[in-house]
Amino acid sequence: MATAGGDADPPQPFPADLDDNGFPSLPSSPAATTSSGGFAEDFYRSGTDWSSLRAPPPRRPPPEGAPGLKTKGKEGGSLVQSSLFQAWGAERLRREGAGAGESSLVQRSLFQAWGIEGPKREGVGAEDPSPSPSRSGSWSGRKRRRGGPDEASAAAAAMNPRTCPFYKKIPGTPFTVDAFRYGEVEGCSAYFLSHFHHDHYGGLNKKWCHGPIYCSALTARLVKMCLSVNSDYICPLELDTEYVIEGVTVTLLEANHCPGAALIHFRLSDGKTYLHTGDFRASRSMQLHPLLQRGRINLLYLDTTYCNPKYKFPPQEDVIDFVVSTARRYLKKQPKTLIVVGAYSIGKENVYLAISQALEVPIYTDASRRRILHSFGWMDLSKRICSCNQSSPLHVLPLGSVNHENLKKYLGTLNQRFLAVLAFRPTGWTFSEATGKQLDLIKPSSKGSVTIYGVPYSEHSSFTELKDFVMFVRPLKVIPTVNVGNAASRDKMQAYFREWLKGS
DNA sequence: GCGATCAGAT
DNA sequence: CACATCTGATCGC
């Protein structure tokens, strides 16, 4: 029963509202069967489950100074940056329940307090991003109507693929995650952005006016730089720092996905704890995080991009070693080789950074990517970037242009400075089962002077990594956020979750 | 002509 | 199959 009751009040129990597939139990909602299932039904369900949002959209935030955002040192407002558990190992997390107090405001790094190194920001880090549920197909977008719960319009909204799906809403809070393409989401007064990939920030543009956008500081810079969103809406949060936002304690954790990507940890005033992974690559070191070591997770919103045992790939370090040694070998044989690494907007930086470090060459890429890379503020990366394509044998190009036809052409534009091209396409899905284990088995595709390697460099968790992570976290419930488009896929994933969590 | 949206390609 | 766009067509203003 997706009760309507919780409006405005204490967060209601949530898991009870989910079926075995992590989907909201259908209330006796009428018309639910209008369509033949699949997308339409999913979106119908999504569209009709408002139980996960708390009542009245606290009127649109005044675009003056981050809506309720009080940064370090200031007080008041609905966001309070609070002291992270003093001396972690020894003391307890701030008392649950009493936690939401809005007073203290000491910013403290979790890792500092905990006595270990913060998340690595260099060396090897990024992985392969994942998409979020894709849009559904075939309705022409009709205008959203707000207001009246009249059934006709409710049904219309329900059928509208632009209705925010339930798995982007955080129950008992007025929050959504990566839900910008639906216009104003009813009941949502704070919009979280997990990372800066198009399928997650889609819908953000200069006309955005539906509420504050909370994200990591790095993601915030990218939003500001690339999307011309009114910066009054952008609310940067530091990693590993507790903030109280609308009465909920929120902490961002390194997601090991692309630069700026974060897991989002919510602790409600009633003690319930939810973790949204955004897109992430799970790892052992992630399990060391204090927030995952202690305390129970009630609900896990999981990046299930590769939630199938056929997805196996090596640790990113192994792939990087392979790429580096391959590059060395080709350069030795032909010193006038151009090394190319393909990449989307952000992500895969560690592949070319590692080559740059190992071969002691700068990184060339075009002006728009340079601007983005510099915005990370990673000196180890920035100091290696150059703007002259003749000055470096290491170029970063858009992934789409890393094919034989383009590379041959590209080589031709470089004035004989190079005689051959060795290119890498780091993607999470171009690999055979075999090469997932044995990198040496990867066979390049060669044509004339151009050689292209597809390498299994993933910025999403492999099946095994997902399993380890879920078994470690032992959430009471898992809500997949990817591959939820059809029921068969959902059932399969849920069967894995059950298996992993049985007896837990 | 522009931006937003969508089908299809890569 | 998938990734995360990218391109090109269509629609609305």
Side-chain angles (χ1 to χ4, degrees), chain A residues 38-39 43 126-144 160-163 178 180-183 193-208 219 222 226-229 257-261 278-281 303-313 316 319 341-349 351 366 368-369 372 396-407 423-433 435-436 445 452 454-463 466 480-490 492-493:
Chain A
F39 272 116
F43 278 100
E127 254 111 28
D128 172 7
S130 109
S132 143
S134 58
R135 47 164 170 253
S136 82
S138 42
W139 297 281
S140 58
R142 61 172 59 181
K143 265 198 178 114
R144 276 169 61 78
N160 187 335
R162 293 198 297 167
T163 298
D178 298 340
F180 300 96
R181 50 176 22 188
Y182 315 101
L193 173 59
S194 67
H195 67 289
F196 195 72
H197 275 154
H198 190 260
D199 49 341
H200 293 259
Y201 67 66
L204 270 183
N205 55 39
K206 59 173 177 285
K207 297 193 321 232
W208 177 262
T219 299
L222 290 166
C226 305
L227 305 181
S228 11
V229 169
H257 177 66
C258 67
D279 280 357
F280 82 134
R281 183 157 182 184
D303 165 19
T304 44
T305 299
Y306 294 129
C307 189
N308 184 309
K310 71 185 167 200
Y311 296 121
K312 301 175 184 162
F313 27 76
Q316 66 248 33
V319 180
V341 176
Y344 294 123
S345 58
I346 63 173
K348 322 293 185 185
E349 290 75 18
V351 176
D366 66 28
S368 74
R369 191 186 301 272
I372 288 169
V396 180
L397 300 181
L399 197 47
S401 67
V402 179
N403 54 52
H404 287 289
E405 187 189 342
N406 271 289
L407 291 175
F424 296 98
R425 297 176 50 92
T427 87
W429 56 276
T430 307
F431 61 91
S432 71
E433 185 109 343
T435 56
S445 150
I452 302 176
V455 293
Y457 187 86
S458 175
E459 289 174 331
H460 294 280
S461 313
S462 68
F463 181 77
L466 265 186
T481 61
V482 182
N483 296 325
V484 293
N486 73 61
S489 157
R490 289 198 304 268
K492 214 172 197 177
M493 291 191 288

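Heavy atoms only: backbone and side chains are in, while hydrogens, waters and symmetry mates are out. Below, read A as the first sequence line, B as the second, and so on, with proteins coming before strands; counting in each chain starts at 1.
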Chemist: NE2 of A:H198 versus C1' of B:dT10: gap in Å, rounded?
Modeler: 17 Å
Chemist: State whether the side chain of A:S461 and the backbone N or O of A:F280 hold a donor-acceptor pair below 3.5 Å, judged by distance alone.
Modeler: yes
Chemist: Please classify the nucleic acid contact of A:N205 as base, sugar-phosphate, or nothing, using heavy-atom distances under 4.0 Å.
Modeler: sugar-phosphate
Chemist: Taking atom C1' of C:dA2 as reference, at what distance in whole Å does atom CG of A:L466 sit?
Modeler: 14 Å
Chemist: Please classify the nucleic acid contact of A:K206 as base, sugar-phosphate, or nothing, using heavy-atom distances under 4.0 Å.
Modeler: nothing
Chemist: From C:dT5, C:dA2, B:dA4, pick the nucleotide closest to the side chain of A:N483?
Modeler: C:dA2
Chemist: Give the nucleotide from the list C:dT5, B:dA4, C:dC3 with an atom nearest to the side chain of A:K207.
Modeler: B:dA4
Chemist: Could you give the CZ-to-P distance, from A:F180 to B:dT5, as a whole number of Å?
Modeler: 15 Å
Chemist: Rounded to whole Å, how long is the line connecting atom OH of A:Y457 with atom P of C:dA2?
Modeler: 23 Å
Chemist: Give the nucleotide from the list B:dA4, C:dA2, C:dT5 with an atom nearest to the side chain of A:Y311.
Modeler: C:dA2
Chemist: Between A:Y201 and A:F196, what is the ring plane arrangement, given parallel below 30°, perpendicular above 60°, and tilted in between?
Modeler: parallel
Chemist: Taking only side-chain N and O atoms of A:K348, does any of them lie within less than 4.0 angstrom of OP1 or OP2 on C:dC3?
Modeler: no
Chemist: Nearest-Å distance, CZ (A:R425) to C1' (C:dA2)?
Modeler: 14 Å
Chemist: Expressed as a whole number of angstroms, how long is the span from A:D199:CG to B:dC6:P?
Modeler: 15 Å
Chemist: Do A:F313 and A:Y306 have ring centroids that are under 6.0 Å from one another?
Modeler: yes
Chemist: Rounded to the nearest angstrom, tell me the gap between atom CG in A:L204 and atom P in B:dG3.
Modeler: 17 Å
Chemist: Between A:S194 and A:D178, do the side chains contain a donor N or O and an acceptor N or O under 3.5 Å apart?
Modeler: yes
Chemist: Measuring from atom OG1 of A:T305 to atom CG of A:L466, what distance do you get when rounded to the nearest 0.5 angstrom?
Modeler: 8.5 Å
Chemist: Between B:dA4, C:dC1, C:dT5, which nucleotide has the shortest distance from any of its atoms to the side chain of A:K310?
Modeler: C:dC1
Chemist: Kindly say if A:T427 contacts the phosphate of C:dA2, meaning a side-chain N or O under 4.0 Å from OP1 or OP2.
Modeler: no
Chemist: In whole angstroms, how far is the P atom of C:dC3 from the NE2 atom of A:H200?
Modeler: 9 Å
